[in-house]
Amino acid sequence: MMKQVKCECGHVNPHGTVLCESCGRVLVEEEKSKKLVDMRYEGSARRSQTYNKTIIDKIWNFFSSVKVGVTLIIITLAASAIGTIFPQEMYIPPTENASVYYEDQYGFAGEVYYTLGFHNLYSSWWYLLLIASIGVSLVICSLDRVVPLYRALKKQRVDRHEGFLRRQRLYSATTLASIEEDSFEKIKEKLKEKRYNIREENGSILAEKNRFSRWGPYINHIGLIIFLIGGMLRFVPGMYVDELLWIREGETVVIPETKGEYYLENHEFILETYEKDKESEAFTTAIENNGTVAKNFQTNVSLYKESGETIAGQDPELEKVEDYELRVNEPLKFEQFALYQQSYKLGELSEMSFALTNKETNEEFGQMTIDLHNPQDEYTFENGYSVELMSYFPDFEFDENSEPVTKSRVPNNPAFIFKMFSPEHPDGEVSFVAIQQTIEPYGDNDLKMAFKGVDTQNVSALTVRKDLTLPILAIGGLIFMIGVVQGAYWNHRRIWIRRLGDQVLVAGHTNKNWHGLKREITHVFDGSGIQEPIDQSDETTNKKGKEE
Amino acid sequence: MVALSGNLLFIAFLLYLVGTAFFAGSIKDKKAREKDHGPNKWAKIGVAFAIAGFICQLGYFITRWVAAGHAPVSNLFEFTTFFGMCLVGAFIVIYFVYKLPALGLFTLPVALLLIGYAAMFPRDITPLVPSLQSNWLHIHVTTAALGQAILAISFVAGLIYLIKAVDHTKKTKEAIWLEVVLFGVVCTLGFIIISSVFGATGYKSEFHWIDNNNVEETLEYHLPALVGPHEGEHLTPDKFSPLVETPGIINAQKLNTVLWSLFTGTIIYLLFRLIARKRITLALQPLTKRVNLDLVDEVGYRSVLIGFPVFTLGALIFAMIWAQIAWSRFWGWDPKEVWALITWLFYAAYLHLRLSKGWHGKKSAWLGVIGFIIIMFNLIVVNLVIAGLHSYAGS
């Protein structure tokens, strides 16, 4: 520790103290010439103002500066704004390729936007670095100020040094002779009425209230830091799950990330829209003007839990946990998970029916229905007729070599290669069947697969979410709110009354809302014979105003 | 019920208007100027009108809530009128703390402009889409609006401060920028006037055009088309034909509205200059003569202090809770969310600059003005131009 400063009053202050923690005497020469003392941190010894030698000192001093903190805030603010000029990549249509999309939609500006990486701005390394720097600044700024401030407020004595009182913004001096003896009692009464805590020593009075409001900023900074830590924890494995589960009507599937423990069955997807005649009259014009307005997206589901051990190859044994109507704003919660109605697809193909038919006579030899999600290899009819499904393309297209391929496993555009067996053609006839087209690669067939119909079903998209960081974020948010309210809605006020020789010195200080303090002071000293403290800054601000 | 609700809003609008006149009278009153202490009779009548207007608007709010079955804060019209109501409410509270008639003279017109602006958008009671069907609609939107309204008081205080403190006889940067801010306010008035005029005549012209995604779209204009869509086909040739075509990435109809607002605003502004023979700021300056700068500075600061926690709670914390319930994530970098964060960061910077860097007076007043510009940007530009997930707020 560097040398300490011993004040005339006997109190030993840490190195760098401007105003004695105990009596408030001005300890630094250059401060003595000033008309008012700087009361912001009670003239306490802040590390950043005292040491500047080692690299740690420099880093500390850099981040402890409010100027740096505000600069970081402004840069973050500007960067965030840039990110809203064009949509972020996550909001462009999922089928679009970002490298083309931005130029396509927004021309040259879009191309620049994409090249600079602004389409993923909020997850860019430099944006995260900005947020992290704000976090570091929060910690260092707070530590730099709160410790010495706490000491100074703890150690303050009642009868403060005359030089300290004289340099307060609100100050007055009255000759003792002009004051009646019971004035002090009356003043104390009034101060108590205004909820001041009163300390008395050697005939001097210190009235103080709401000191706790000084801790508000530091408490809200703690809240913010907890919140930021909570945000970082998302990247720890196991803390966060974000999956999209597409589930068809009638289907039972395992819920991802539940280690195969939970299954979900989709009974039905319901889409409702507002209908003019069924709704309250108040909505009639809006429905007429806007056309279709969605009223409800809902998936009726059953949640199952696997019971007992599953033997490989066997269907798991499921025990129903609950039935639930899953709507927007009403997620289904179980253990640490929640399922959300996210999206849907109406009328996805589920089954296709064909009849094995003689092309000439249109005689049918049997009908078959293909489950488009789980087709059979072979369909057998009576009298020696059967159909083999040689190939299946759920989402068919021709590739560059004109070979049939499938784009996905979703049956958006199913196509089949059938081999049709009949007593006449025991080796089978091959036919390629897609929607609205049939190709017979080996010449003219006698038989054809006549299209009979389709069955469709709705598909729900549910978000599977687990977020163990939420409680931490909630605590951070709560602490922030407590701190910010504490700091904003209360004011720390002090009134010093000191008898010195044949004079009574009165000074007042508040960390904000001077008009409130002045009003209280007027009330307290009214009719006491003590001169009401006047605002010494009025003159100085007026002068400053002219200089500007 | 719906008709009653609309009438109450209209009455509230008129009451605010009369209230403004009384506040102006309170400042012009010579007798009061001699006394120079406490609000005079005119100011008392003014605040009575403000309170009566507020009660009427509360009546509008409640009856509309009853009619719709949900709090009327679900589209741009409803939100903006509610914002105006909160602003008047915040003013009334602060008036009784600080007794500043000038604050009424400047706050009520801002509220009037907000309500007038809101009325230019569809006023139908709309049923709620699934994502809005939640009690958090009431909690989140009302708290956010209240927070913004309290913060907006610091804009009004800042405006008063600057009108008084800046030397408007000289062409300083500060004086010019303040005039620009007021010109922006005049353009809002221009938007309301021109939209009302053509709205009353039922003007409508239509265009077909192919947008960037090669989708054919119809654009409906309610103002004569100065600018038309890219390679648009004019379907109503008897109506005014566009002078210029915009590039494909620009929404021609919105740009057209902006141009008309600027145009009308300029006309009003020039007329004013012609009659008053001075800048608006200079013309308004006498109204701030009796204002105590220190007090106005404190009002501005206090409204930020009071509004900041409310805004944080409504626009960020409640917003996050609801987003987690409705959209499965509490934060998704949607433009509206980002601009709420920007507003929050801005006022955080305001508080730090004031507390630690001693930014009082003019600097602080300017920050109050800029803060309100950010809030308005989030309300208007983000809703109408950037859209995103909160896009239902744009109709």
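Numbered from 1 within each chain, the chains take letters A, B, ... in sequence-line order. Note: hydrogens, waters and symmetry copies are ignored here, and every other heavy atom, side chains too, is used.
Within the 4.5 Å cutoff, the side chain of Y91(A) has heavy atoms near those of the D334(B) side chain. Counting heavy atoms from C-beta on, the side chains of T126(B) and F283(A) never come closer than 4.5 Å. Contact of the W136(B) side chain with the N329(A) side chain is not registered, since no non-hydrogen atoms from C-beta on lie closer than 4.5 Å. Residues W333(B) and L121(A) have side chains not in contact (no heavy-atom distance under 4.5 Å, counting atoms from C-beta outward). At a threshold of 4.5 Å between non-hydrogen side-chain atoms, the residues Q342(A) and W327(B) do not count as touching. Side-chain contact check for H515(A) versus N292(B): some heavy-atom pair is nearer than 4.5 Å. At least one side-chain heavy atom of R465(A) sits less than 4.5 Å from a side-chain heavy atom of Q324(B). In this structure the side chain of V129(B) reaches within 4.5 angstrom of the side chain of V293(A), judged on heavy atoms.
Of the inter-residue distances, the one linking L345(B) atom CG with I74(A) atom CD1 reads 8.0 Å to the nearest 0.5 angstrom. The distance from the OG atom of S356(B) to the NZ atom of K67(A) is 12.0 Å, given to the nearest 0.5 Å. How far OG1 of T312(B) is from CE of M481(A): 5.5 Å, rounded to the nearest 0.5 Å.
Between the side chain of Y122(A) and the main chain of V338(B), no donor-acceptor pair closer than 3.5 Å is present. A donor-acceptor pair under 3.5 Å is formed between the side chain of E298(B) and the backbone N or O of W514(A). A distance-only check finds a donor-acceptor pair linking the side chain of Q133(B) to the backbone of K295(A) [under 3.5 Å].
Ranked by heavy-atom pairs under 4.5 Å with chain A, the list P309(B), G332(B), A349(B), S328(B) is led by S328(B). Looking only at heavy-atom pairs under 4.5 Å with chain B, the residue among A294(A), A474(A), G107(A), P331(A) that has the most is A294(A). No other option in D242(A), I287(A), L470(A) has as many heavy-atom pairs under 4.5 Å with chain B as L470(A). Most heavy-atom pairs under 4.5 Å with chain A: of the set I125(B), V97(B), L316(B), this distinction falls to I125(B). Top candidate by heavy-atom pairs under 4.5 Å with chain A, chosen from W331(B), F346(B), F308(B), F330(B), is F330(B). If you tally non-hydrogen atom pairs under 4.5 Å between each of H352(B), M320(B), R64(B), M1(B) and chain A, the highest count goes to H352(B). When each of L351(B), V2(B), I321(B), L295(B) is checked for heavy-atom pairs under 4.5 Å with chain A, L295(B) comes out on top. With respect to chain A, the highest number of heavy-atom pairs below 4.5 Å among L341(B), I325(B), L355(B) belongs to I325(B). Your options are T463(A), N296(A), L77(A), and the one with the most heavy-atom pairs under 4.5 Å with chain B is L77(A).
Residue V304(B): no heavy atom, backbone or side chain, is found under 4.5 Å from chain A. For a residue to count as touching a neighbouring chain, one of its non-hydrogen atoms must lie under 4.5 Å from one of that chain's; by this rule F86(A) does not touch chain B. Neither the backbone nor the side chain of R145(A) comes within contact range of chain B; no heavy atoms are under 4.5 Å apart. For S280(A), the part sitting under 4.5 Å from any heavy atom of chain B is the side chain, from C-beta outward, and nothing else. Only the side chain of R519(A) comes within less than 4.5 Å of a heavy atom in chain B; its backbone stays farther off. Of the two parts of A338(A), neither the backbone nor the side chain holds a non-hydrogen atom closer than 4.5 Å to a non-hydrogen atom of chain B.
Between P335(B) and T84(A), the closest heavy-atom pair is CA-CG2, 3.9 Å. Considering all non-hydrogen atoms of both residues, G477(A) and I317(B) come closest at O-CD1, 4.0 Å.
For R123(B), the CZ atom sits in a loose shell: 12 or fewer heavy atoms of surrounding residues, nucleotides or ligands are nearer than 6.0 Å. Counting heavy atoms of neighbouring residues, nucleotides and ligands inside a 6.0 Å radius, atom CD of E281(A) does not exceed 12 of them.
Remark: R302(B) fails to qualify as a cation-pi partner of Y489(A) under the 6.0 Å distance and 45° angle criteria applied to the six-membered ring.
You'll find the ring centres of F480(A) and W344(B) inside the 6.0 Å limit.
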